[in-house]
J.: 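Below are the structure tokens for one structure; questions will follow.
Residue numbers begin at 1 in each chain, while the letters A, B, ... track the order of the sequences.
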2 protein chains.
Amino acid sequence: MARTRTSPTDPLTLEVVQLIGSVVARYYEEYEQAAAQHALTGAQARVLGLLSLAPMRMREIAHELKCEPSNVTGIVDRLESRGLVERRADPADRRVKRAAVTAVGAETAAELRDGLDFAREPLATLSREERVVLRDLLARMLSPDVSGTTSSPSGATSSPSGA
Amino acid sequence: MARTRTSPTDPLTLEVVQLIGSVVARYYEEYEQAAAQHALTGAQARVLGLLSLAPMRMREIAHELKCEPSNVTGIVDRLESRGLVERRADPADRRVKRAAVTAVGAETAAELRDGLDFAREPLATLSREERVVLRDLLARMLSPDVSGTTSSPSGATSSPSGA
DNA sequence: TATTGTTATACTCTATAACTATA
DNA sequence: TATAGTTATAGAGTATAACAATA
């Protein structure tokens with residue numbers, strides 16, 4: 001299992017790690033802030049964003065959020081009570097409920113996405129070539145396996161996509 | 001106040017934004033997981049990490065966490081009840097309390113840091129030059145103002161470091 | 001009077017366990 | 001019996017408002 005520790009004390013690596021931490025912190029801030037502007041919590045905004053792509057079963061939502069299904073009930077309840085989401089019965093299996101955005105919910109989700117300037121705006125200061133480089137480096141960070149070398153089969157990253 | 005929208009539909013930019021979202025999600029997961037391995041919540045781990053750098057007043061902690069000071073009371077209470085942190089009186093101003101890690105707390109904080117492999121391990125697959133490029137690109141994302149010159153002296157980002 | 005930290009309160013998110021209605 | 005969703009419960013983080021001690 002050789003844990004291939006990456007010389008944690010390498011100054012350059014530490015610097016990059018810290019920068020990533022800063023990006024993460026900043027991104028989260030902006031996300032919560034954008035959600036709050038629509039009087040939504042982070043979790044509610046995430047669910048609304050997910051459902052704006054496609055209706056989902058309660059259990060699927062829980063899986064995407066990486067939380068227990070019982071929690072989804074309340075989150076969808078609150079979105080539903082505000083008319084942003086609705087529950088639909090599944091004709092094939094009457095145990096299943098599919099949550100789906102309403103027209104208003106879809107609109108809110110779109111506004112929410114547009115409000116996320118942090119990740120997009122600073123990118124404008126980068127040239128097209130630089131963005132390509134950044135894309136490739138980030139992609140390799142997310143799936144280290146492609147390098148064909150180093151290690152861990154750990155593949156199947158199945159895109160967290162939550163945030 | 002021209003809102004300088006960055007052509008939100010540019011496919012390349014969208015791709016990078018999505019990658020950043022994935023990195024953020026993955027980093028957060030790993031952080032929470034590392035915290036949980038020490039039976040700490042994310043907030044507790046963040047405070048412990050902050051205090052491991054230097055003792056802080058309750059209000060300062062709140063500022064770093066970007067939350068209300070009243071919340072810090074409970075978080076520090078829980079850390080203190082586990083012997084990871086202690087409150088110290090400030091001789092100069094008796095209203096002030098400084099929270100500081102205990103020896104055990106410092107050790108836990110160090111283990112916590114070592115447990116954060118995500119940001120560090122994938123970086124090993126990048127060459128030194130690539131890491132330099134990544135560092136510069138991330139730095140520019142975090143301080144778009146420097147646009148003129150390429151290499152900001154990483155100027156005092158005051159590291160949110162929370163995450 | 002202003003500031004520091006705390007308490008009190010209410011809401012949301014979270015996990016766990018038990019329940020229902022289906023299958 | 002197993003599964004989908006819910007309810008019930010408890011712990012934690014959060015914001016707001018009010019309070020004590022100190023400045």
Side-chain angles (χ1 to χ4, degrees), chain A residues 25 28-29 31-33 35-51 55-82 84-100 162-163, chain B residues 25 28-29 31-33 35-51 55-82 84-100 162-163:
Chain A
Y28 241 76
E29 264 175 63
Y31 192 87
E32 296 284 326
Q33 193 176 313
Q37 281 174 0
H38 293 274
L40 293 169
T41 65
Q44 287 164 13
R46 269 186 293 277
V47 170
L48 188 63
L50 280 173
L51 297 182
M56 291 177 79
R57 299 149 74 118
M58 305 300 278
R59 263 194 141 67
E60 286 181 272
I61 299 174
H63 184 257
E64 289 295 323
L65 258 60
K66 298 183 207 310
C67 73
E68 294 301 314
S70 59
N71 300 320
V72 178
T73 298
I75 298 171
V76 169
D77 277 351
R78 282 161 218 128
L79 289 171
E80 192 167 30
S81 73
R82 287 182 49 188
L84 300 174
V85 153
E86 64 183 9
R87 283 174 167 91
R88 296 175 186 164
D90 183 325
D93 185 337
R94 282 155 57 195
R95 291 173 302 180
V96 172
K97 283 176 189 166
R98 286 182 182 279
Chain B
Y28 241 75
E29 264 175 63
Y31 192 86
E32 296 285 327
Q33 194 177 312
Q37 282 173 359
H38 293 274
L40 293 170
T41 65
Q44 288 165 12
R46 268 187 292 279
V47 170
L48 188 63
L50 280 173
L51 297 182
M56 292 177 79
R57 299 148 73 118
M58 304 300 277
R59 261 194 143 67
E60 285 181 273
I61 299 174
H63 184 258
E64 289 296 323
L65 258 61
K66 299 183 207 310
C67 73
E68 294 301 313
S70 59
N71 300 320
V72 178
T73 299
I75 298 171
V76 170
D77 277 352
R78 282 160 217 130
L79 289 171
E80 193 167 30
S81 74
R82 286 181 49 187
L84 301 174
V85 153
E86 63 184 8
R87 282 174 169 91
R88 295 174 186 164
D90 183 325
D93 185 336
R94 282 156 56 195
R95 291 173 305 182
V96 172
K97 283 176 189 166
R98 287 182 181 280

J.: Return the value, rounded to whole Å, for the distance between atom CG of B:N71 and atom C1' of C:dA8.
T.: 13 Å
J.: Over how many whole Å does the gap from B:L40 atom CG to D:dA12 atom C1' extend?
T.: 13 Å
J.: Which part of the nucleic acid, if any, lies within contact of A:R98, taking any heavy atom under 4.0 Å across all strands shown: a base, the sugar-phosphate backbone alone, or nothing?
T.: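 The answer is nothing, as A:R98 stays clear of every strand by at least 4.0 Å.
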J.: State whether the distance check finds a donor on one side and an acceptor on the other, under 3.5 Å, for side chain B:R95 versus base C:dT3.
T.: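 Indeed, a donor on one side and an acceptor on the other fall under 3.5 Å apart.
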J.: Run the salt-bridge test on A:R98 and A:D93 with the 4.0 Å N-O cut-off and return the result as yes or no.
T.: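 No.
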J.: Report the distance from atom CD1 of A:I75 to atom CG of A:L65, rounding to the nearest 0.5 Å.
T.: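 Separation between the atoms: 5.5 Å.
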J.: Atom CZ of B:R59 and atom C1' of D:dA21: how far apart are they, to the nearest Å?
T.: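 After rounding, the gap between these two atoms is 14 Å.
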J.: Please find the pair of heavy atoms, one from A:A99 and one from A:L51, that lie closest to each other, and give the distance.
T.: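 Smallest heavy-atom distance, with atoms named: O-CD2, 3.5 Å.
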J.: Quick one: is C:dG5 close enough that its OP1 or OP2 comes under 4.0 Å of any side-chain N or O from B:R88?
T.: no
J.: How do A:A92 and A:Q44 order along DNA chain C: which one's closest nucleotide is nearer the 5' end?
T.: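 Nearest-nucleotide comparison on DNA chain C picks A:Q44.
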J.: What's the spacing between A:R95 CZ and A:K97 NZ if we round to 0.5 Å?
T.: 13.0 Å
J.: Any donor-acceptor pair, under 3.5 Å, between the side chain of B:T73 and the base of C:dT7, if you only look at N and O atoms?
T.: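 It does not, because no donor-acceptor pair links the side chain of B:T73 to the base of C:dT7 below 3.5 Å.
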J.: Distance check needed: C:dT12 C1' versus A:E32 CD, whole Å only.
T.: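 In whole Å, C:dT12 C1' and A:E32 CD are 11 Å from each other.
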J.: Report the distance from atom CD of A:E68 to atom C1' of D:dT6, rounded to the nearest whole Å.
T.: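 Atom-to-atom, A:E68 to D:dT6, this comes out as 14 Å.
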J.: Which nucleotide in the set C:dT4, D:dA8, C:dA23 lies at the smallest distance from any side-chain heavy atom of A:S70?
T.: D:dA8
J.: By nearest atom, which of the nucleotides C:dA15, D:dT14, D:dA23 is closest to the B:C67 side chain?
T.: D:dT14
J.: What is the distance from NZ of A:K97 to P of D:dA4, rounded to the nearest Å?
T.: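 That distance rounds to 14 Å.
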J.: Write down the distance between CG (B:D77) and C1' (C:dT6), rounded to a whole number of angstrom.
T.: 9 Å
J.: Measure CG/A:D93 against P/D:dG5 and give the value in whole Å, please.
T.: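 About 8 Å, once rounded to whole Å.
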J.: Say whether, by atom type as modelled, one donor and one acceptor occur between the side chain of A:R82 and the main chain of A:A39 under 3.5 angstrom.
T.: yes
J.: Any N or O donor-acceptor pair under 3.5 Å from the base of C:dT22 to the side chain of A:R94?
T.: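 Donor-acceptor pair under 3.5 Å: no.
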J.: I want to verify a distance call: between C:dT12, C:dA17, D:dG5, whose nearest atom is closest to the A:M58 side chain?
T.: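 When the side chain of A:M58 is considered, D:dG5 is the closest of C:dT12, C:dA17, D:dG5.
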J.: Would you mind telling me which of D:dT14, C:dC13, C:dA15 lies closest to the side-chain atoms of B:L65?
T.: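 Nucleotide nearest to B:L65's side chain: D:dT14.
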J.: Nearest of C:dT4, D:dA15, C:dC13 to any side-chain atom of B:R57?
T.: C:dT4
